[in-house]
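Presented below is the structure to which this report refers.
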Amino acid sequence: MEDSERFDEKSFSNGDVYIGRMKGTLPHDKGKYTWSDGTVYEGDWKDDKMSGKGLILWSSGAQYEGEFSGGYLHGYGKLTTSDGSIYRGGWRVNVPHGIGWKQYSNSDIYEGLWKEGVPQGCGRYTWNNGNVYVGNWKNGKIDGRGVMKWVNGDTFDGFWLNGLMHGSGVYRFGDGGLYIGTWSKGLKDGKGIFYPVGSKLPSLNKLHSHHNSDDNDFLLNTQKHVPQKSRVKRSLSENISVIGRLKSFRQVSHRTLSLDTSCTPPDPAQDFLCHDSSLTLSHGFDEDQSEPSAKSTLVYEREYIQGVLIMERLSEHSESSHKSKQQNKFSVNQVKKSSCVDIFGGQQSYYLKLNLQLGIRYTVGKITPVPAREVRSSDFGDRARIRMYFPNHGSKFTPPHYSINFYWKDYCPMVFRNLREMFKLDAAEYMMSICGDSGLRDLSSPGKSGSIFYLSKDDRFVIKTVKKSELKVLLNMLPKYYRHVGDHENTLITKFFGLHRITLRGGKKVRFVVMGNMFCTELHIHRRYDLKGSSQGRYTDNDKINCSTTLKDLDLKYDFLMDKKLRESLLKQIYLDCKFLESQHIIDYSLLLGLHFRAPENLKALVEHHGSMQPQESLPSGDEGELLILPKGLLLVTHEPSIVNTAPGPHIRGNTLRANSMGDNEVDLLLPGTARLRVQLGVNMPAQATRKLEEDKVEATEAELFEVYDVVLYMGIIDILQDYNLKKKIEHAYKSLQFDPITISVVEPKMYAQRFIKFLEERVFPQNP
């Protein structure tokens, strides 16, 4: 044998044996290493490390063939384990990473993206019983947008969280029925629309075009779609286009690696529809194009609380009438466009959000290094401004950007910095929340102001455009507002964290304010109310109500009974806040009230036949299984600061509230199966919602099934930038000639505050009988 083919053999004291080329005394180039336990590696070596291509056979029977680096499985390779599972795909430091395909020992198959050993990103999972899911994954669990098909024919296309349906979605039953609505942790939760078998189904074109939209926008677009003639074919290939790259891996086999319970298929009723066609998932909703254009469709408007059906209304929609309504709504929206929308033309949202992020990042970065100090009178004056020009090519002080050139002005930066610090907002977290890569989400305006609303990706902050007159009111009020917020830790008044202005060449200006979002909670907000205490025009037309509608005074069907001590604390703070607003001549403010309903306690008789079901078996295989879990209500327990998950809500200061029913101790709210929450003013406040007697009469087509609910309340006083100026005085005089002056919204500040307090005290939060 020639020297180039000669191999050395070396035995080690521990019983290991190496046969192959060596560099000095170390394995190098090609060789075979046998460990004392019987494990064998044959392949490439570099400086005593397995590097290159090779094959390793473990004594357990598992084997890997593929690429190595530095002694690790690294690159591309195939692993077959002793239990029969197989993985082929990318590796990084001994764990699957990148694109890969795995067949588990139970014959389940996953192919898609992996990160550090678990599915993460886009992927497809096929269970051995035939259920299939295609969509997004996170930390080895279904998470994000995805589509699943169960073997019984049921299909779900929507959002997931931690392996459960969570957010908006469309559920198609195997028998042909269709439900469009929202889910929370695997259970129907909130409002939705059900199309029974035989109904003409809605067009889902627009619904499926919103892969990356916000959950609320996703549902809103579907709910606006009453039945129309359509033939819809839906493909998820664009949503998981990366999976197309997996086709080249099909010849190479599958892979193994335990996902534990994370890949246990959700209950058969939770599996999504997928047609297996070259990893393209499609599900068609085929409609009869020969049907008359004005065909009526029978649908049910439903509302659920944690899987329990609480309300059902029978509706019959005519396609032709709906189209005319949509046209009318469109024309109205065109007329009511906000002036600041026109500034940016077709790219207004993109440019405005980008400019906001650039300006806020610059301002916070500039003010943060300034040593902390108390605010001075000069911090509120006309000179308390930061101004900067942002050309898109960049400058000495600003980065280049892809927006249009703009001028930036930041008002009273030191004051708002101290306000943020007062609420323990870290500057870096504040910037990341608003200016991070995830960006800002558009929100529809809940009022008539025409303002643009944005929500930070983590839901902590709301950004709203304001008029010049509102900006002046806030600046004039700011010194006393700062003092009031500092003196009253439990204030319910809107928390302001920044006031800014963008000016474009030509002089067009947009002003906006950054506020805390009082509905930043992990709990689903089922109802939102804007309550002023007036009655004239304070209702919402039924055809304008959807899952995100903010309702008004006359729409409120409930009284909220609270613990005596909690109620006293709430009404006392409302009184103090209203007196402050009265002193600033502010009117037109309202209490924004959010309700999270808990499933009613009096359902036990209805769930006896579900007694054998486990909590995770929470999704029905058909529409007949409405009641899914044994509901539980609310429980007050003594506050325990040591428990980490009782942290206060965002933008909330002050002590934990005390409850009379708990011996005047500070309390936490225990939600069985959900969370333990710290009870503070305006946040996590428990109450019992009772339907008002005068609202008991319900249309024959509607059935609300329960009279009493446990609720969790979130609230704050908003819209505090309207002063009682000459224009409002004229409006008051004019409307007083037409209506009872007590019922109209525009009244002088003292009367407004008295009426507002009385309404909340007597009609919204009455005393326990």
Side-chain angles (χ1 to χ4, degrees), residues 380 411-412 415-416 419-420 422-423 445-451 453 461-500 511-519 528-534 538 550 552-553 570-594 651-653 681-682 714-725 727-729 731-732 745-757 759-760 764:
F380 296 98
Y411 297 90
C412 307
V415 177
F416 287 107
L419 282 170
R420 293 193 294 269
M422 196 181 292
F423 288 94
S445 172
K448 300 179 181 179
S449 64
S451 298
F453 287 79
F461 304 100
V462 175
I463 300 176
K464 174 189 176 184
T465 58
V466 294
K467 301 174 184 176
K468 183 177 181 180
S469 60
E470 294 174 319
L471 180 140
K472 288 183 176 179
V473 169
L474 180 52
L475 289 176
N476 290 336
M477 167 199 307
L478 194 56
K480 292 185 178 178
Y481 170 87
Y482 182 82
R483 191 176 307 120
H484 180 81
V485 172
D487 292 342
H488 300 282
E489 292 187 331
N490 291 320
T491 182
L492 293 172
I493 290 178
T494 302
K495 280 74 174 178
F496 295 118
F497 300 122
L499 184 61
H500 317 287
R511 305 161 185 88
F512 58 93
V513 64
V514 182
M515 306 174 291
N517 175 21
M518 66 188 64
F519 292 161
R528 298 169 176 82
Y529 291 93
D530 183 275
L531 307 174
K532 293 181 180 290
S534 58
R538 298 292 295 164
T550 300
K552 301 176 183 178
D553 302 61
L570 175 63
L571 294 178
K572 178 182 178 181
Q573 189 59 53
I574 289 174
Y575 175 82
L576 293 171
D577 289 338
C578 288
K579 285 303 176 184
F580 164 73
L581 295 174
E582 180 187 331
S583 72
Q584 301 301 301
H585 307 288
I586 301 298
I587 62 169
D588 250 4
Y589 50 87
S590 54
L591 184 79
L592 184 60
L593 177 66
H651 330 311
I652 301 298
R653 297 184 299 152
L681 210 64
Y714 297 84
M715 69 191 83
I717 297 175
I718 64 168
D719 295 337
I720 65 169
L721 301 181
Q722 178 59 62
D723 61 345
Y724 193 56
N725 53 27
K727 180 181 177 181
K728 288 295 181 180
K729 292 176 182 178
E731 182 182 346
H732 170 74
S745 177
V746 183
V747 295
E748 59 89 20
K750 184 174 183 179
M751 180 181 293
Y752 193 97
Q754 290 175 344
R755 183 182 64 187
F756 182 76
I757 294 170
F759 173 71
L760 296 180
V764 184

Out of curiosity, [X] [atom1] to [Y] [atom2], how far, rounded to the nearest 0.5 Å?
{"X": "Y589", "Y": "L721", "atom1": "OH", "atom2": "CG", "answer": "13.5 Å"}
{"X": "I717", "Y": "T494", "atom1": "CD1", "atom2": "OG1", "answer": "8.5 Å"}
{"X": "R653", "Y": "N490", "atom1": "CZ", "atom2": "CG", "answer": "8.5 Å"}
{"X": "L570", "Y": "L591", "atom1": "CG", "atom2": "CG", "answer": "7.5 Å"}
{"X": "K495", "Y": "N517", "atom1": "NZ", "atom2": "CG", "answer": "11.5 Å"}
{"X": "R511", "Y": "S469", "atom1": "CZ", "atom2": "OG", "answer": "9.0 Å"}

Find out whether [X] and [Y] are in side-chain contact, i.e. whether some heavy atom of one side chain is under 4.5 Å from a heavy atom of the other.
{"X": "V473", "Y": "Q584", "answer": "no"}
{"X": "E470", "Y": "V513", "answer": "no"}
{"X": "I718", "Y": "M515", "answer": "no"}
{"X": "L475", "Y": "C412", "answer": "yes"}

With D719 via side-chain contact (heavy atoms from CB on, under 4.5 Å) - residues at least two apart: K464, D530, S590
Residues L474, Y411; criterion side chain to side chain contact (heavy atoms under 4.5 Å, CB included); working and verdict: CA-CA 11 Å; L474 180 52; Y411 297 90; over 6 Å; no
Residue list, side-chain hydrogen bond (donor to acceptor under 3.5 Å, both in side chains) with Y714, at least two apart or on another chain: T521, N684
Nearest heavy-atom neighbours spanning [X] and [Y]:
{"X": "L593", "Y": "F519", "value": "C-CZ, 3.8 Å"}
{"X": "L592", "Y": "M518", "value": "O-SD, 3.8 Å"}
{"X": "L419", "Y": "F497", "value": "O-CE2, 4.2 Å"}
{"X": "I586", "Y": "P749", "value": "O-CB, 4.1 Å"}

N/O donor-acceptor pair under 3.5 Å between T465 side chain and S451 backbone: no
Residue pair D588, K532: steps toward the side chain to side chain contact (heavy atoms under 4.5 Å, CB included) verdict: CA-CA 7 Å; D588 250 4; K532 293 181 180 290; 4.1 Å; yes
Residues that F496 engages under ring pair (Phe, Tyr, Trp, His ring centres under 6.0 Å), provided they are two or more places apart: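 In terms of ring pair (Phe, Tyr, Trp, His ring centres under 6.0 Å), with neighbours along the sequence ignored, F496 is linked to Y481.
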Identify all side-chain donor-acceptor contacts of residues 574-582 below 3.5 Å with residues at least two apart in sequence or on another chain.
from: D577; atom 1: OD1; to: H484; atom 2: NE2; distance (Å): 2.8
from: D577; atom 1: OD1; to: T491; atom 2: OG1; distance (Å): 2.9
from: D577; atom 1: OD1; to: Q573; atom 2: NE2; distance (Å): 3.0
from: D577; atom 1: OD2; to: T491; atom 2: OG1; distance (Å): 3.4
from: D577; atom 1: OD2; to: L492; atom 2: N; distance (Å): 2.8
from: K579; atom 1: NZ; to: E582; atom 2: OE1; distance (Å): 3.3

Heavy atoms of other groups near H585 NE2, more than 12 under 6.0 Å: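 12 or below, so no.
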Sub-6.0 Å ring centroid separation between Y724 and Y752: no
Salt bridge (charged side-chain N to carboxylate O under 4.0 Å, His left out) partners of residues 473-482, not counting sequence neighbours, each pair once: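 Found none.
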Derivation and outcome, side chain to side chain contact (heavy atoms under 4.5 Å, CB included), residues I493 and V485: CA-CA 8 Å; I493 290 178; V485 172; 5.8 Å; no
